[in-house]
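Convention: sequence-line order gives letters A, B, ...; per-chain numbering from 1. Worth saying up front: this structure is predicted, and the values here are computed from it rather than measured.
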There are 2 protein chains.
Amino acid sequence: MNTLAEENYLKSIYHLSLNAESVSTNQMAALLNTKASSVTDMLKKLAEKELINYTPYQGVTLTAAGEKIAINIIRKHRLWEFFLVEKLNFKWDEVHEMAEEMEHISSNELIDRLDKFMGFPKYDPHGDPIPDCDGKFKTHDLKPVSAIDVNAGGVICGVRDHSPAFLQYLEKQGLTIGKQICVTDIIEFDRSMVLQMENKTVQISREVANNLLITL
Amino acid sequence: MNTLAEENYLKSIYHLSLNAESVSTNQMAALLNTKASSVTDMLKKLAEKELINYTPYQGVTLTAAGEKIAINIIRKHRLWEFFLVEKLNFKWDEVHEMAEEMEHISSNELIDRLDKFMGFPKYDPHGDPIPDCDGKFKTHDLKPVSAIDVNAGGVICGVRDHSPAFLQYLEKQGLTIGKQICVTDIIEFDRSMVLQMENKTVQISREVANNLLITL
DNA sequence: TAAAAAATTTAGACAAACCTAAATATTTTA
DNA sequence: TAAAATATTTAGGTTTGTCTAAATTTTTTA
């Protein structure tokens, strides 16, 4: 199997690949809290194992084998997050660090049974899709609240920022997964948005609107 | 916190200390599947951290701080084993290796909530006591079946050998935790023992009788 | 109780994953 | 399009935890 460090690199490449064609050394260094030179070392190792496509100075992409491993780690991460929230009653802002450790428990049999135990959930506590045991998943078509107009609305289905600070703020405002919202006004001065919810009105900054995702 | 290797050394010292005053370098090397010289290196490091009492050539014991860490790891191991068997329906011979990884998940809040989720179990699937969140636990007073006489009996409450092969054998014979047994005969030739159970009779070797524990 | 055997420690190396500093390649900009 | 700025890689080191081989200490045994 792969080392913990290798798994974390593959996972990072996967996440960064969602927003770009290929991933740069510096992007990875920033995400992994390490130095570019350390990243280069590891990229050589992963290329040697044929888990990534790497040409010096040109960035990297995952091979099919590398992607499969990355998705499996993400599956584990999200299933453990679901477990922590649904079975152990943790809040959605508390589970990331724990799942970061638990995603490296190696047994696939274990994770498949955990999946079954919880009733094969499709989304984790932050609205991110949980890959099934074959690595398949569908992302629903989401947009940031900031991308919709006055009088439009939808259901909160995800977040872009997963930081505890942001999640705690949303919780406090009642802006949690599944809630219906409608934009009633956009303040011209700073483009902050006024949202109508079932039983109250909240005003959120553009920054928050950018990081809150809804389905139409 | 401590590294994975440090945690495994502390746990090993704890387990080996149960059968002896102090623990030798070679005993540890055997249990940890490593070399005596590697053990010596680690012992110096653990002594430096004041987790063990170590005088060269004289073996080691845990300090109070070291024992606390060891017991916490054992608590995690046994709670995860309980979870795997009771919630995910694994068999008692399948869970050791998985728990060996899971015992290193760092969060104590997580393990305390898991404990609560399962109703604060007192014994793991092999009959070993689960330390509570303060590290306290009672071992019930067990003896090997081999230590009792004809017409004596008791309830199966533990095993000495935790190997899958032994556990699978016991399972097949119906000799599982909680079963009532009574010794009806001891064969003079090889001192194997005939056991009367609720609805059947089984004959076990001296070796098996030595590794099967009962309460009187 | 001295020699032999066994156990333990020390010395010197190695791989993994990281680091800093220097060199090189690419991209930006004037 | 050449110089400057930025990004990336290379070179050389460090730490952790392991190893083998040699040295030393303890224990056993004759």
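Among the atoms of the strands shown, only primed sugar atoms or phosphate atoms (P, OP1, OP2) are found under 4.0 Å from some heavy atom of B:T25. Residue B:A36 is in base contact, counting any heavy-atom pair closer than 4.0 Å across all strands shown. Residue contacts shown for A:T40 include a base, since a base heavy atom lies under 4.0 Å away.
Residue B:E103 forms a salt bridge (Lys or Arg N to Asp or Glu O under 4.0 Å) with just one option from B:R75, B:K76, B:K11, and that option is B:K11. B:L175 pairs in a side-chain contact (heavy atoms from CB on, under 4.5 Å) with only one of the listed residues (B:I156, B:L167, B:V145, B:V159), which is B:I156.
Between B:S38 and the phosphate of D:dC19, there is a side-chain N or O to OP1/OP2 separation shorter than 4.0 Å. Between A:K35 and C:dC18 there is no side-chain polar atom (N or O) within less than 4.0 angstrom of OP1 or OP2.
Toward the 5′ end of DNA chain C lies the nearest nucleotide of B:D41, the other residue of the pair A:T34 and B:D41 mapping further downstream. DNA chain C is contacted by both B:S24 and A:P56; B:S24 maps to the nucleotide lying nearer its 5′ end (nearest heavy atom per residue).
In this structure, A:Q27 places its CD atom 8 Å from P of D:dT8, rounding to the nearest Å. B:E7 has its CD atom 16 Å from the P atom of D:dT16, to the nearest Å. Put simply, CG on A:N26 is 18 Å from P on D:dA5, counting in whole angstrom units. To the nearest angstrom, P of C:dT9 lies 11 Å from CE of B:M28. One can place NZ of B:K44 at 8 Å from P of C:dA11, the figure rounded to the nearest angstrom. As rounded to whole Å, 10 Å separates atom C1' of D:dT18 from atom CE of B:M42. As a whole-Å value, the separation of A:L43 CG from D:dT9 C1' is 11 Å. In this structure, OH of A:Y57 is placed 14 Å from P of D:dA7, rounded to the nearest angstrom.
Counting only distance, with no hydrogens or angles, the side chain of B:R160 and the backbone of B:L212 share no donor-acceptor pair below 3.5 Å.
B:H126 and B:H96 have their aromatic ring centers separated by at least 6.0 angstrom.
For A:K87 and A:F117, the positive end sits near the middle of the six-membered ring, less than 6.0 Å away and at most 45° from its axis.
In this structure, of D:dT9, D:dT18, D:dT8, it is D:dT9 that holds the atom nearest to the side chain of A:Y54.
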